[in-house]
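Here is the naming used below: chain letters follow the sequence lines, and residue numbers restart at 1 for every chain. Computed from a predicted structure; not experimentally measured.
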Amino acid sequence: MDGVSFQVAASETVGIVGESGSGKSVTAASILRMVSPPGRIVGGSITYRGLDVLAMSEPEVRTLRGDAISMIFQDPMSSLNPVLRIQTQLVEALDAHEKYRGSKSRPRAIEMLRQVGIPSPENRIHDYPHQFSGGMRQRAMIAMGLGNDPGLLIADEPTTALDVTIQAQILEVLRTLNREFGTAVVLITHNMGIVAQLCRRVVVMYAGQVVEEGPVEQVFARPDHPYTEGLLRSVPRLDSIRHGRLYSIDGQPPQPGEQTSGCPFHPRCGYRIERCASERPPLAVLSSGHRSACWVTQAGGELGAATAGAATGGRRAPALGAEVAPLLEVRSLVKHFEIGGGVLRRTATVHAVDGVDLHVGACETLGLVGESGCGKSTLGRMVLGVYAPTSGSVRFDGADIDSADQSHLRRYAQMIFQDPFGSLNPRLTVEQMISEPLSVHGIARSAAARKRVGELLEMVGLSRRHASRYPHEFSGGQRQRIGIARALAAGPKLLVADEPISALDVSIQAQIINLLQDLQAELGLSYLFIAHDLAVVRHLSDRVAVMYLGKIVESAPTAELFANLLHPYTRSLISAVPVPDPRPQARPPRIVLQGDLPSPTAPPRGCRFHTRCPIGPLANPERRICIEQEPPLDPHRPGHLAACHFAGEAPAIETRNAMA
Amino acid sequence: MAQAGAVDIVRVPDRLAFTRNRYLRALQTPRGLLGLGLVGTIVLLGILAPLLTPYSPTFQIRLQELLPPSGTHPLGTDELGRDLLSRVLNGIRVDLIVAVVAVPAAAILGCLAGLLGAAGPGWWDTTIQRAFDVILAFPAIILGIAVAAILSPGERAIVVTILLANVPIFGRLSRDALISQREREYVVAARLIGVSPVRVLFRHIFPNVVDPLIVQLALSMSLAVFLEGGMSFVGIGIQVPQPSLGNLLNEGLPYLATNVNYAVGPMLTLTALVVGLNLIADALNAGVLRR
């Protein structure tokens with residue numbers, strides 16, 4: 001990072017936004033002088049309440065850490081010590097400082113756990129971290145960070161590892177803490193929605209530099225840096241009209257250590273002028289409190305004109321209502337995994353997928369949405385025959401997939417994986433990988449195969465030159481393109497895409513989404529698109545199915561689903577997504593679900609959602625039916641199925657603020 | 001249709017990192033080169049033994065017993081008047097056979113056993129693993145005594161002992177590596193393409209698990225040389241008059257006070273061979289595994 005400066009006023013919330021490698025975490029670490037070697041703070045100043053942090057001695061900084069300024073991290077799994085009880089860790093953090101030492105520390109620890117919303121904290125404080133769920137661990141981390149009433153809390157991607165409904169809970173905790181105790185919060189994130197919902201000011205970082213800074217309302221309404229504009233426009237939004245293609249920022253973010261002259265963003269910028277390549281723009285004040293480092297806007301230029309990558313929206317009409325047999329048909333599919341077991345040990349059954357019906361037509365995209373652990377990935381893999389079903393059937397292209405000869409399935413149905421690093425064999429070259437399906441299915445060999453590999457690479461936006469390289473020489477987005485080229489090699493009809501963009505940087509996600517759409521239009525592919533991100537699913541899908549604990553709870557054509565939400569779970573999922581728009585009227589009413597996802601080894605009786613449902617027995621104790629009887633997945637409107645006894649009923653909170 | 005964008009390679013790290021040459025690079029370190037030098041020299045001496053000395057290792061020269069080192073006998077002679085240099089150099093040959101034949105054979109058998117365990121049904125895996133546990137419970141030299149008792153002492157007993165001691169090591173290593181790789185997404189991807197299981201195993205999985213096996217191979221060779229020395233030293237290995245580094249040491253022991261040169265030759269050779277192989281294993285470990 002290079003010449004970063006910003007201020008946080010008391011009880012203010014500031015968001016630092018940037019992609020991986022943009023220096024946002026290093027910035028946060030340097031505030032507490034926690035930069036690890038070989039990193040070094042070589043210049044500048046850090047001042048906390050008038051004290052110069054850089055001039056302090058090491059013991060003085062230690063007092064500052066955890067007492068005046070505390071920090072919480074992205075991964076709640078690894079930031080708590082697994083062999084110490086929660087109590088031990090909380091008390092240790094309190095005992096290290098003056099305020100709540102000795103006999104005061106334990107009551108204070110319990111109080112903090114209560115404040116962050118851990119139920120019955122007197123008992124749970126004796127638990128070990130593994131007995132807490134991910135969301136609870138993150139709360140415990142926040143409790144630890146806030147124990148000594150710090151003036152400033154630095155949260156480094158505090159919700160990135162969590163599901164949206166849990167994320168909504170954590171954000172609510174941070175919001176409350178900030179409002180009630182006046183703790184200033186520095187929130188580091190890549191999610192513009194979180195910034196819009198939680199922060200007063202935002203600092204946008206790119207390649208180790210602050211490129212824009214200002215009040216959230218101003219920056220979101222009128223970004224003055226092309227990168228900010230790109231970030232805002234490249235994310236599909238739940239509250240916008242669906243359009244053909246996403247705005248995308250071309251190219252890759254620079255690697256840390258890569259030297260660029262001029263503005264670090266100019267190679268990817270659609271507005272660049274000559275000056276951008278040679279001179280680095282200073283961070284200049286444009287209006288009160290709003291600064292940006294861009295030659296174009298400083299010269300009075302307007303953003304919004306460039307349409308990088310915006311081609312005509314080539315969405316083909318989905319084959320709706322056509323009386324042809326669906327390409328993929330899943331009937332009452334069940335998958336139970338036995339876990340544990342062995343001599344003298346009880347086995348537990350994970351109900352990963354529990355009676356799912358769905359179908360995907362030709363050239364159609366079915367979006368499958370759900371939180372982690374709902375069984376959506378298992379379902380995706382069963383469709384391709386990776387796991388054998390416990391019961392039920394999968395028919396692909398007119399034949400059962402458990403038939404002896406799987407060559408048809410293997411050739412015409414392929415998968416795109418989530419992890420662009422794990423899904424490519426590190427020991428094979430790109431050409432070896434992409435040509436493998438060609439040789440396996442006897443499509444092409446030697447020279448013909450090489451030619452085809454070149455075509456495929458160009459089709460996914462890479463170059464023939466890349467064929468002889470190994471996967472580690474590519475960035476995440478490029479690797480995902482290689483994975484897509486491999487999936488396309490044998491000319492498939494169906495692609496199962498399991499969270500294909502969630503491991504990628506924000507500015508790369510739009511590129512891959514556009515690529516998937518272009519390929520579908522060109523090759524007539526069908527997609528089973530599995531994701532947790534509702535906005536992306538809405539953008540890409542013709543129809544959407546929502547999964548909860550192994551079952552589909554709602555399914556409908558996309559427009560119908562989002563216009564008439566029938567199931568309370570779908571409603572809460574949508575309300576939990578932070579909308580990247582800070583205006584109060586854009587903020588949908590939030591339904592913050594209670595508790596965590598129940599364990600799939602013991603799904604609740606009756607309706608599986610009743611333990612968390614905002615309209616179920618929790619809110620209306622007379623609704624015994626939800627506990628006793630499982631609701632069937634019935635059509636409530638044309639083409640719109642929902643599994644809820646009280647489908648269509650809005651949770652009470654929404655009556656105050658219509659959602660439409 | 002592909003929006004071109006700036007899709008140039010972002011990083012261009014060493015191309016060699018994932019090719020076979022990474023072994024060469026790992027060995028081109030001070031440790032690796034020293035190890036290669038030691039082992040290479042000794043191997044050459046062993047192979048060229050008949051050319052390097054005018055005497056047969058079993059030829060007894062009358063009235064020339066227990067000579068100190070001299071121009072004609074650089075390491076002196078033993079109590080039966082045999083040229084010690086010739087005996088040491090010929091003794092190396094046994095160790096070479098042991099290291100170059102027995103250890104790779106053990107590695108192949110072990111990998112097959114590990115593969116059977118990883119690919120077979122659960123009870124199969126358990127049985128094989130428990131059998132490995134039983135064998136690993138005994139120190140190699142104890143195994144050697146048992147084998148020698150059954151097969152009678154000799155080269156065959158040493159080879160069998162080395163097989164017994166190393167098959168479980170390779171079996172366990174390969175099984176664990178296979179199991180950890182099997183669930184990786186690139187393997188799932190290969191299966192989804194329709195690649196046959198055998199091809200998945202050899203083309204996709206095996207190149208990703210071979211590194212720890214190579215390191216273990218170097219380590220096991222050093223242990224094998226050590227074991228030959230140990231077994232022959234206690235008399236259950238190579239039998240006189242055939243020379244081996246181990247029994248030469250044993251024979252030289254009574255003369256340690258009067259003829260130091262007797263034991264020093266085989267001792268230095270054996271040590272150099274073991275240290276050299278260890279250095280190679282170490283260099284590979286540092287250069288290939290720990291990166």
Problem set entry | Set of side-chain hydrogen bond (donor to acceptor under 3.5 Å, both in side chains) partners for H266(A), sequence neighbours left out | none

Exercise. Do any N or O atoms from the side chain of Q406(A) and from the backbone of G194(B) form a donor-acceptor pair under 3.5 angstrom?
Worked result: no

Exercise. Who wins among V195(B), V187(B), N208(B) for the most heavy-atom pairs under 4.5 Å with chain A?
Worked result: N208(B)

Exercise. How far does NE2 of H204(B) sit from CZ of R427(A), to the nearest 0.5 angstrom?
Worked result: 13.5 Å

Seminar exercise, completed: Rounding to 0.5 Å, atoms CG (L428(A)) and CZ (R203(B)) come to a distance of 5.0 Å

Problem set entry | Partner of L192(B) under side chain to side chain contact (heavy atoms under 4.5 Å, CB included), chosen from R381(A), R486(A), M415(A) | M415(A)

Show me the side-chain donor-acceptor pairs of residues 131-140 of chain B shorter than 3.5 Å, one per line, residues at least two apart or across chains.
unit_1  : atom_1 : unit_2  : atom_2 : d
D133(B) : OD1    : R172(B) : NH2    : 2.0
D133(B) : OD2    : R130(B) : NE     : 2.8
D133(B) : OD2    : R130(B) : NH2    : 3.3

Seminar exercise, completed: Smallest heavy-atom separation, S423(A) atom then A189(B) atom, equals O-CB, 4.2 Å

Exercise. So, for H441(A) and I193(B), which heavy atoms are closest and what is the spacing to 0.1 Å?
Worked result: NE2-O, 2.7 Å

For this session: May I ask you to decide whether R184(B) forms a salt bridge with D419(A), counting only side-chain N to carboxylate O separations under 4.0 Å?
Result: no

